[in-house]
Amino acid sequence: MEWVEERSFRYRIEPSGGMRVPGIVFATRDLLTDAEQSLEQVIHVAALPGIVAASYAMPDIHWGYGFPIGGVAATDVDAGGVVSPGGVGFDISCGVRLLAADRDGDEFRPALTAVMDGLDRAIPRGAGPGGVWRPDGPGELERLLAGGSRYAVERGHGEERDLLRCEDGGAVADADVTQVGQRARERGLGQVGSLGSANHFLEVQQVTEVYDVPAATAFGIEPGQVCVMIHCGSRGLGHQICTDHVRVMDRAMTRYGITVPDRQLACTPVDSPEGRAYLGAMAAAANYGRANRQLLSDAARAVFRRAVGARLSLVYDVSHNLAKIETHPVAGRCRRLCVHRKGATRAFPPGHPELPEDIREFGQPVLIPGTLGTASYVLAGVPVGDAFHSTCHGAGRTMSRHQAARTVTGSELRVRLRQAGIAARPKSWRGLTEETPEAYKDVDAVVAASEGAGLCRKVARLVPLGVVKG
DNA sequence: ATGTTC
């Protein structure tokens, strides 16, 4: 495979074979160690009908279902461009929410154990059913799928102000609940307000560095402050929707004369019954993911209020697994594009009209969850940007789950976290071994490469005081 | 990511 360094932090794969556009990978050589398979996936994505500009990959690129995780691909809706469930991934609308406490870390420290014990009891997590809130029936689930965080707030699980700090005001408008299958609904009903497992978490963190004081101040964070970060998605509901619609598209592709280099790229035109059906169901899952994070915030707020009388204010909520119809210039002309971001975060520039007014001039907040025991970041969108205003989403795996679990035992991990002064409340220590930080890239390097590539800028760095995981 | 192999 031929890939050349165009400039620092930017590599290019020239089109060849079925590629319609080049591959552009933002990274360093170090971050691309053993990335052959995921770069092969960047090349596959470049063959999608209607793809424009390039098949992009972020510094946290790793191997995924069909598309790489850390991939961005935009297709021209009005030129037969396709939508592909694999370009969003199984965990539709997986994303991150950051809340800031009205407490400084030093002042908070003595209460950490009580807060963590409270969270341990209050936060449902791990595989399978269980959630903080059970809809009273199929009708209420439908209202939640249509209304997202907005519906959760209407039902008393949050503050009206929260919605101002959510991407899309807490709900995407184009959810089509009729495209959510029965099985997805059944799975979704029992998991509203739950973390799930794997790299999902709820952390109590402390701001250790602020790189951009005006932006941090506007976002509502300052040095030393205690925060809560929630990383989770749409659980079994999103997974089932992806499964169902991949199957439909896999069968329908030939009718549209579409061939793709890998069946896992199953797709149909955005403007087709199958494409519209997927996007409608995906939007419903997006709203489920947002309601999920809203309800977990509500549960965390109750713990903080009872244990220490602290308040939590929403900084921002943003997804990193989503396809969106957005307008961007392509070759000097404004085009309606279906932008797939899979393990990539939207990073709108300063002044973008969709950003909340009080933070608009600083660019969109981007929330980067670290791995177990490591730092997390708040970034912001920049004026020029690239890849349709996208940046990284996290550290990115380098080891399989199985491989990771062999490198460390649960009790070793327990000792390491205790020595680092991090209060961990896992569902199982054994399960935590799959998430050992050696199994991931260095999040500091990923963020440095993203900033170096001109995709975003650093606003703040946070470290964990306590972690709740599946 | 996932009732972790329909």
Side-chain angles (χ1 to χ4, degrees), chain A residues 38 41 58 60-71 84-97 124-131 134 180-202 230-248 250-251 263-264 266 278 281-282 284-286 288-290 292-293 296 318-323 340-345 369 371-372 393-406 426-428 430-436 439-440 469-470:
Chain A
S38 37
Q41 293 188 313
M58 302 296 129
D60 45 342
I61 179 174
H62 60 113
W63 188 88
Y65 179 86
F67 292 61
I69 295 165
S84 174
V88 172
F90 279 86
D91 194 5
I92 298 167
S93 193
C94 179
V96 188
R97 170 179 282 233
R125 54 202 190 274
R134 177 143 188 127
V180 179
Q182 190 52 37
R183 219 163 156 193
R185 290 168 192 243
E186 283 163 12
R187 292 179 70 174
L189 207 51
Q191 300 182 325
V192 180
S194 64
L195 276 183
S197 52
N199 63 350
H200 290 163
F201 65 71
L202 183 151
I230 298 170
H231 177 206
C232 65
S234 54
R235 304 293 329 273
L237 178 127
H239 194 276
Q240 192 66 49
I241 286 172
C242 182
T243 303
D244 294 346
H245 287 261
V246 163
R247 187 180 293 127
V248 168
D250 184 57
R251 288 175 185 155
R263 254 182 104 175
Q264 295 184 351
Y278 170 68
M282 183 210 72
Y288 185 96
R290 284 136 190 229
N292 196 16
R293 291 191 287 274
L296 289 170
V318 65
S319 169
H320 47 233
N321 286 0
L322 217 54
H340 301 72
R341 294 187 182 89
K342 178 188 191 177
T345 316
T371 54
L372 186 61
H393 89 300
R397 256 191 188 279
T398 56
M399 255 184 230
S400 71
R401 267 162 213 302
H402 195 67
Q403 204 182 349
R406 279 194 311 242
K427 189 157 181 182
S428 94
R430 166 70 187 77
L432 223 54
T433 59
E434 297 181 352
E435 294 302 315
T436 188
Y440 286 85
K469 269 181 89 74

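Naming convention: chains lettered A, B, ... in sequence-line order (proteins, then strands); numbering from 1 in each chain.
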> Within this structure, what is the CZ-to-C1' distance between A:R397 and B:dT4, rounded to whole angstrom?
Replying inline: 12 Å

> Does a side-chain N or O from A:S197 land closer than 4.0 Å to OP1 or OP2 of B:dT2, or not?
Replying inline: yes

> Tell me: CZ of A:R430 to C1' of B:dT4, nearest whole Å?
Replying inline: 12 Å

> For A:D250, which residues count as a salt bridge (Lys or Arg N to Asp or Glu O under 4.0 Å) partner, sequence neighbours excluded?
Replying inline: A:R263

> Reckon A:Q191 touches a base, only the sugar-phosphate, or nothing at all at heavy-atom distances under 4.0 Å?
Replying inline: sugar-phosphate

>> From CD of A:Q264 over to C1' of B:dT2, roughly how many Å is that when rounded to an integer?
In response: 15 Å

> Partners of A:F201 by ring-ring contact (aromatic ring centres under 6.0 Å, His included), sequence neighbours excluded?
Replying inline: A:H231

> A:D91 has an atom CG; how far is it from atom P of B:dT4, in whole Å?
Replying inline: 15 Å

> Looking at A:E435 and A:R397, what are the two nearest heavy atoms and their distance?
Replying inline: OE2-NH2, 2.9 Å

> The side chain of A:R183 lies closest to which of these nucleotides: B:dC6, B:dT4, B:dT2?
Replying inline: B:dC6

> Among all residues two or more places apart in sequence or in another chain, which pass the salt bridge (Lys or Arg N to Asp or Glu O under 4.0 Å) test with A:R251?
Replying inline: none

> Who pairs with A:R341 by side-chain hydrogen bond (donor to acceptor under 3.5 Å, both in side chains), at least two apart in sequence or on another chain?
Replying inline: A:E326, A:S390

> With a non-hydrogen cut-off below 4.0 angstrom, is A:G89 in contact with a base, only sugar-phosphate, or nothing?
Replying inline: nothing

> Which of residues 60-69 of chain A have a heavy atom under 4.0 Å from DNA chain B?
Replying inline: none

Pairs of donor and acceptor atoms involving the side chains of residues 60-70 of chain A, under 3.5 Å and at least two apart or interchain, shall be tabulated with distances.
residue	atom	partner	partner atom	Å
A:D60	OD2	A:H393	N	2.8
A:D60	OD2	A:H393	ND1	2.5
A:D60	OD2	A:G394	N	3.0

>> Tell me the closest heavy-atom pair linking A:Y440 and A:T398, and the distance in Å.
In response: N-OG1, 3.8 Å

> A:H402 has an atom NE2; how far is it from atom P of B:dT2, in whole Å?
Replying inline: 20 Å

> Are A:R401 and B:dT4 close enough that a side-chain N or O sits under 4.0 Å from OP1 or OP2?
Replying inline: no

>> Rounded to whole Å, please give me the gap between CZ in A:R125 and P in B:dT2.
In response: 14 Å

